[in-house]
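Notes follow once the structure below has been shown.
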Amino acid sequence: MSVLLIAELSGGALALDATAKALTGAKQLGDVTVLVAGEGTDDAAAEAATLDGVSKVLHADAAIYGHGLAEPLAALVVSLAGDYSHIVAPATAAGKNLAPRVAALLDVMVISDVTGVVDGDTFERPIYAGNAIQTVKSADATKVVTLRTANFDAAPTGGSAPVETIAAADDPALSSFVEDKVQESDRPELTSAKIVVSGGRGVGSEENFALIESLADTLGAAVGASRAAVDSGYAPNDWQVGQTGKVVAPELYIAVGISGAIQHLAGMKDSKVIVAINKDEEAPIFQIADYGLVADLFDAVPALKEAL
Amino acid sequence: MKVIVPVKRVIDYNVKVRVKADGTGVDLANVKMSMNPFDEIAVEEAIRLKEAGVVEEIVAVSIGVKQAQETLRTALAMGADRAILIVATDDVHQDLEPLAVAKLLKAVVDEEAPQMVICGKQAIDNDMNATGQMLSALLGWSQATFASEVKVEGDSAQVTREVDGGLQTISVKLPAVVSVDLRLNEPRYASLPNIMKAKKKPLEEKTPADYGVDVSPRLTVVSTAEPATRSAGVKVADVAELVAKLKDEAGVL
Ligand SMILES: Cc1cc2nc3c(=O)[nH]c(=O)nc-3n(C[C@H](O)[C@H](O)[C@H](O)COP(=O)(O)OP(=O)(O)OC[C@H]3O[C@@H](n4cnc5c(N)ncnc54)[C@H](O)[C@@H]3O)c2cc1C
């Protein structure tokens with residue numbers, strides 16, 4: 001069986017972690033070809049070729065692929081689809097934007113957010129905010145799958161696959177890029193960090209959120225947030241952890257001023273060690289925390305930073 | 001212009017989900033059902049576009065069991081003008097796949113010729129995050145997923161999307177499918193007079209056969225299981241004990 005894995009790109013660079021994790025899942029399905037489609041992506045294609053277990057890299061470099069617009073990318077993937085039994089992407093915002101469109105064009109059902117590969121037709125995926133795990137078997141000719149990166153270890157580098165340049169497909173010219181508002185940060189990425197410190201509504205304001213960020217920086221951690229913290233404007237949208245935000249599984253997750261709604265737990269309950277700091281001893285977050293500290297976060301967080 | 005808003009009847013987001021003992025799915029008998037929260041945001045956005053004079057008519061569409069009538073009445077009470085219910089099953093436990101839903105919605109769009117379909121980015125039951133993208137593909141339309149801002153400007157819409165690195169703004173040619181994220185707006189509650197009025201708004205009932213669409217599933221559910229549970233750990237007395245535990249017991253610092 002042959003797999004086409006869509007590489008994750010960020011501003012023309014290879015998003016190594018997401019791509020390498022999805023590769024681990026893709027390898028369980030067959031021989032993997034990686035598609036790098038973007039603009040100014042020579043380095044990204046070369047880097048993808050070093051991932052261990054990649055047979056070939058297909059490289060399509062064109063302005064129309066520069067910003068991840070779904071329509072031209074889907075047209076490209078569909079033009080290549082005939083050669084593959086599986087089309088796989090990481091379940092990132094880009095992958096979720098693209099994969100269902102590809103699946104519908106191929107008249108197959110997409111299998112989203114897969115957490116486990118049982119065999120070439122059979123996949124595990126969470127439903128109801130992770131309150132149930134469903135195993136589904138696909139009867140479609142081509143399987144279009146997105147893989148939840150938190151559930152797969154990153155494939156190592158050390159390979160040297162050939163890179164084949166391919167032409168761009170026809171541009172449907174339905175949408176155009178206007179602008180990106182991306183925050184540059186020296187912190188580790190939320191979905192690949194070993195430690196994540198997240199703040200919730202209890203943090204109280206955007207100014208107070210600096211407390212969470214400073215604890216994170218002391219720990220070399222990424223910063224996360226609950227939906228309530230994002231909705232209230234304390235933290236940017238891309239920090240949201242949960243059912244509808246990012247799914248993380250770090251070694252250590254510290255939840256500060258977060259009550260522990262199921263929609264939040266859906267994004268972090270696979271973390272290895274969970275710490276909760278909350279002043280309400282009845283907060284549901286304590287039911288899943290390995291270490292719970294009932295305290296006012298405005299005392300506990302500075303003290304914790306001090307003690308490290 | 002005309003807008004279609006698909007709405008799904010799902011388990012209420014506050015309800016504790018239980019897996020059925022026989023592993024065939026989640027128990028939905030006698031549990032509270034509501035409109036999918038993302039779809040409420042989609043309905044609200046359509047109403048705001050109507051209030052702004054951009055949209056003339058809002059058609060809410062639901063596909064599923066007959067009881068989805070209630071979901072459509074909610075959409076009508078919020079401000080949709082009329083509704084179409086496609087009764088595709090009489091078993092609440094049978095969830096129609098996004099591909100089938102997208103095909104039915106395409107058939108509705110072919111009849112109604114809207115300029116925009118505004119839908120929720122995912123349903124909180126199957127968490128597939130797929131119907132909008134699939135519909136857009138089948139129609140050959142542009143797509144703007146995970147919207148946190150929508151501005152209609154002539155024959156295009158400028159949509160800001162929530163993406164992994166932050167926000168991305170794109171411009172999509174109309175007609176388009178827009179899928180909405182949580183921060184687009186805060187949906188209104190229907191007032192009592194509007195709930196009364198909604199009872200008189202037109203609600204048309206159809207079946208997949210009326211549209212000639214095959215809705216048979218492509219995926220078979222092999223099993224449904226409870227996720228691995230985590231049990232509560234210990235409460236620590238203070239920060240010093242927490243740090244000691246993280247260093248010595250958990251070994252994560
Ligand atoms: C469709 C849908 C999708 C959703 N998706 C997500 C998602 O992806 N991610 C997500 O997080 N949520 C999501 N939610 C929202 C979720 O249901 C909760 O509303 C949200 O997680 C609550 O955030 P919170 O815990 O920060 O706030 P709250 O529930 O208000 O909790 C605040 C906590 O802070 C504590 N606190 C207050 N002050 C202090 C203090 N000084 N010191 C210590 N503790 C303090 C309080 O005791 C309380 O426990 C979703 C909801 C819906 C309907």
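Residue numbers start from 1 in every chain, and the chains themselves are labelled A, B, ... in the order their sequence lines are given, proteins ahead of strands.
Using a 4.5 Å heavy-atom threshold, the side chains of L253(B) and L252(A) count as touching. Residues R218(B) and S138(A) fail the side-chain proximity criterion, which asks for heavy atoms closer than 4.5 Å.
Rounding to the nearest 0.5 Å places CG of N237(A) at 11.5 Å from CZ of R161(B). L138(B) contributes atom CG, which lies 9.0 Å from atom CZ of R101(A) (distance to the nearest 0.5 angstrom). Taking OG1 of T169(B) as the start and NZ of K181(A) as the end, the distance is 5.5 Å to the nearest 0.5 Å. From L99(B), atom CG reaches atom CG of D107(A) across 5.5 Å, with rounding to the nearest 0.5 Å. With rounding to the nearest 0.5 angstrom, the CD atom of Q287(A) is 12.0 Å from the OG1 atom of T229(B).
Contacts with chain A (heavy atom to heavy atom, under 4.5 Å) involve these residues of residues 140-150 of chain B, listed by number: G140(B), W141(B), S142(B), Q143(B), T145(B), F146(B).
For residues 120-135 of chain B, the pairs satisfying side chain to side chain donor-acceptor pair (under 3.5 Å) are Q243(A)-D127(B), K8(B)-D125(B), D95(B)-N126(B), K121(B)-D181(B), Q122(B)-D127(B), N129(B)-Q133(B), with sequence neighbours left out.
In this structure, S175(A) contributes its side chain and V172(B) its backbone to no donor-acceptor pair below 3.5 Å.
A salt bridge does not link K96(A) to D164(B): none of the charged nitrogens lies less than 4.0 Å from a carboxylate oxygen.
With sequence neighbours left out, D231(A) forms a side chain to side chain donor-acceptor pair (under 3.5 Å) with R227(A), R183(B).
For chain B, the option among L219(A), L190(A), V230(A) with the highest count of heavy-atom pairs below 4.5 Å is V230(A). Chosen from L304(A), D180(A), T244(A), T122(A), the residue pairing most often with chain B at heavy-atom distances under 4.5 Å is T244(A).
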Which pairs of donor and acceptor atoms, one on a side chain in residues 289-298 of chain A, lie under 3.5 Å apart (sequence neighbours left out)?
from	atom 1	to	atom 2	distance (Å)
D290(A)	OD2	I274(A)	N	2.7
D290(A)	OD2	R230(B)	NH2	2.7
Y291(A)	OH	E249(B)	OE1	2.5
D296(A)	OD1	F298(A)	N	2.8

